Amino acid sequence: MPLFDFPLDQLRRYTSDVTPPTDLSEFWDATIGEARAFSLDATFEPVENYLTLIDTFDVTFAGYGGAPVKGWLHLPATREPGARLPVVVQYIGYSGGRGLVNQDTRWAQAGYAHFIMDTRGQGYGGVVGDTPDPHPSAGGVAHAGLMTRGIGSREDYYYRRVYVDAFRAVEAAQSHPAVDPGRVVLAGVSQGGGIVVATAGLAAGRLDGVIAALPDVPFLQDFPRAIDIAPRGPYPEVAQFLARHRDRYPAVLDVLRYFDGVNLARWATAPALYSVAQMDDVCPPSTVFASFNAYGSGGPGAAKEIEVYRFNNHEGGQEHQWIRQLLFLRGILG
């Protein structure tokens, strides 16, 4: 895949034309308030993971609309009794779920508590999931996939539910006695990275304890540009939907402004380490830089860094970025 987006020097300066709706804060305040009206009901059931050095718990908590959301909590088996660990809350890429009980324990191997959130209605590709999406809009007219599910209104749009689930996942992780609620790290790749950006923004002023965000090649950023130029991956679902529903483009873009990571990133205050791949034709680099350049710009600001992988497509930095993240967190946690 050749370099197809702006040159790197232009990418570093690129800002999106996306503007936040005037009632963006009110919309999300009301949405989070509605979610918190339901008891979190977080449960942690110990399960066999066939691993000697990791203890695993099957997690259930109340997400959007009080619907149950699944997850895993992995803890180092060698942790000191009564110790509270920093926790990495991980969100999953598009089509994936929480996976099998021992499929991903790497953050616990590094000494952290590791909370993996299942993604409602996903788990049909990549890794398996266990959480349905019971919302009525799930049966509405949409392109195959999830990007246009409920896109007729901001209230029904699919990612409203996912972002609420992600916010409540942090609260669920913080409720476990082995977790230090004041040291929460958000991590994810692709869709997971986009959810990291959204959750970091939504947490600012609404939820204490988030100390770092690690969005890798994040999806769900700068929707107008992504829909126009991404040749592969989930963004074309929206373009294909609009190819049939030709009169709905302005209305669809208006709904998406409430969920665009560029708008939510502006609120963020936690230090962030992004990654971007210059040959990424799923999440084009300009959309990632639009998010990075907006991150923390709407408030007191936030320390931020971005790692650029010039010759990679959507796989991004993989094991190289993992090392980079470990070092970044050492600098924050000491």
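None of the values given here were measured: they were computed from a predicted structure.
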Say whether [X] and [Y] are linked into one hydrophobic cluster, either directly or through other cluster members, by side-chain heavy-atom distances under 4.5 angstrom.
X	Y	value
Trp28	Val196	yes
Phe115	Val184	yes
Leu264	Val164	yes
Ile195	Phe223	yes
Leu207	Ile211	no

When you compare the side chain of [Y] with that of [X], does any pair of heavy atoms fall below 4.5 Å?
X	Y	answer
His320	Glu307	no
Asp216	Gln318	no
Pro224	Asp17	no
Leu3	Met279	yes
Pro21	Phe27	no
Leu85	Tyr112	no
Trp107	Leu329	yes
Pro86	Val185	no

Do [X] and [Y] have side-chain N/O donor and acceptor atoms under 3.5 Å apart?
X	Y	result
Thr15	Asn293	no
Asp104	Gln90	yes
Thr148	Arg248	no
Ser16	Asp222	yes
Tyr258	Asp23	yes

Can you name the closest pair of heavy atoms from [X] and [Y] and give their distance?
X	Y	answer
Ala166	Thr199	CB-OG1, 3.4 Å
Asn263	Pro20	OD1-N, 3.3 Å
Pro218	Gly193	CB-C, 3.7 Å
Gln174	Gly209	NE2-CA, 4.1 Å

When rounded to the nearest 0.5 angstrom, what is the spacing between [atom1] in [X] and [atom2] in [Y]?
X	Y	atom1	atom2	value
Thr119	Asp133	OG1	CG	11.0 Å
Arg168	Met117	CZ	CE	13.0 Å
Leu73	Thr56	CG	OG1	8.0 Å
Tyr64	Arg161	OH	CZ	7.0 Å
Phe57	His74	CZ	NE2	11.0 Å
His135	Glu155	NE2	CD	9.5 Å

Inset, instruction - Evaluate the criterion salt bridge (Lys or Arg N to Asp or Glu O under 4.0 Å) for residue pair Asp29 and Arg206; output intermediate values, then yes/no. - result: CA-CA 8 Å; Asp29 283 342; Arg206 299 182 180 92; 2.8 Å; yes
What class does the angle between the rings of [X] and [Y] fall in, given that below 30° is parallel, 30 to 60° is tilted and above 60° is perpendicular?
X	Y	result
Phe292	Phe289	perpendicular
His176	Phe44	perpendicular
Tyr14	Phe6	tilted

Inset, instruction - Count the heavy atoms of every other residue, nucleotide or ligand shown that sit under 6.0 Å from CG of Asp9, and state whether that count exceeds 12. - result: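 Yes, enclosed.
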Legend entry - Neighbour count >12 (heavy atoms, 6.0 Å) for atom CD, Glu80: no
For the backbone of [Y] and the side chain of [X], can you confirm whether one donor and one acceptor N or O come within less than 3.5 Å of each other?
X	Y	answer
Tyr163	Ala198	no
Asn312	Ala277	no
Thr105	Asn102	no
Gln103	Val128	no
Arg98	Gly71	yes
Gln191	Ile92	yes
Arg160	Tyr157	no
Asp280	Cys283	yes
Asp58	Val47	no
Arg257	Thr19	yes

Could you list the donor-acceptor pairs under 3.5 angstrom formed by side chains in residues 228-242, with sequence neighbours left out?
{"unit_1": "Arg232", "atom_1": "NE", "unit_2": "Asp281", "atom_2": "OD1", "d": "2.9"}
{"unit_1": "Arg232", "atom_1": "NE", "unit_2": "Asp281", "atom_2": "OD2", "d": "3.3"}
{"unit_1": "Arg232", "atom_1": "NH2", "unit_2": "Asp281", "atom_2": "OD1", "d": "2.9"}
{"unit_1": "Arg232", "atom_1": "NH2", "unit_2": "Asn313", "atom_2": "OD1", "d": "3.1"}
{"unit_1": "Tyr235", "atom_1": "OH", "unit_2": "Leu220", "atom_2": "N", "d": "2.8"}
{"unit_1": "Tyr235", "atom_1": "OH", "unit_2": "Gln221", "atom_2": "N", "d": "3.1"}
{"unit_1": "Tyr235", "atom_1": "OH", "unit_2": "Gln221", "atom_2": "O", "d": "3.4"}
{"unit_1": "Glu237", "atom_1": "OE1", "unit_2": "Tyr94", "atom_2": "OH", "d": "3.1"}
{"unit_1": "Glu237", "atom_1": "OE1", "unit_2": "Leu146", "atom_2": "N", "d": "3.2"}
{"unit_1": "Glu237", "atom_1": "OE1", "unit_2": "Met147", "atom_2": "N", "d": "3.1"}
{"unit_1": "Glu237", "atom_1": "OE2", "unit_2": "Tyr94", "atom_2": "OH", "d": "2.7"}
{"unit_1": "Gln240", "atom_1": "OE1", "unit_2": "His143", "atom_2": "NE2", "d": "2.6"}

Legend entry - Salt-bridge present (Asp260, Arg225; N to O < 4.0 Å):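 Arg225 and Asp260: not salt-bridged.
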Legend entry - Verdict with supporting geometry, His114 and Trp72, side chain to side chain contact (heavy atoms under 4.5 Å, CB included): CA-CA 8 Å; His114 183 187; Trp72 298 122; over 6 Å; no
Inset, instruction - May I have the step-by-step check of side chain to side chain contact (heavy atoms under 4.5 Å, CB included) for Arg12 and Ile306, ending in yes or no? - result: CA-CA 10 Å; Arg12 292 193 185 278; Ile306 188 165; 4.1 Å; yes
Legend entry - Sole candidate of Thr31, Leu202, Val162 that passes side-chain contact (heavy atoms from CB on, under 4.5 Å) when paired with Phe167: Leu202
Inset, instruction - Quickly, which of Leu214, Val217, Val308 forms a side-chain contact (heavy atoms from CB on, under 4.5 Å) with Ser275? Name it, please. - result: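 With Ser275 as partner, Leu214, Val217, Val308 yield a single side-chain contact (heavy atoms from CB on, under 4.5 Å), made by Val217.
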Legend entry - side chain to side chain contact (heavy atoms under 4.5 Å, CB included) evaluation trace for Gln321 with Val189: CA-CA 11 Å; Gln321 186 66 9; Val189 179; over 6 Å; no
Inset, instruction - Not counting sequence neighbours, which residues clear side-chain contact (heavy atoms from CB on, under 4.5 Å) with Ala270? List them please. - result: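 Checked Ala270 against side-chain contact (heavy atoms from CB on, under 4.5 Å); matches are Val210, Tyr295.
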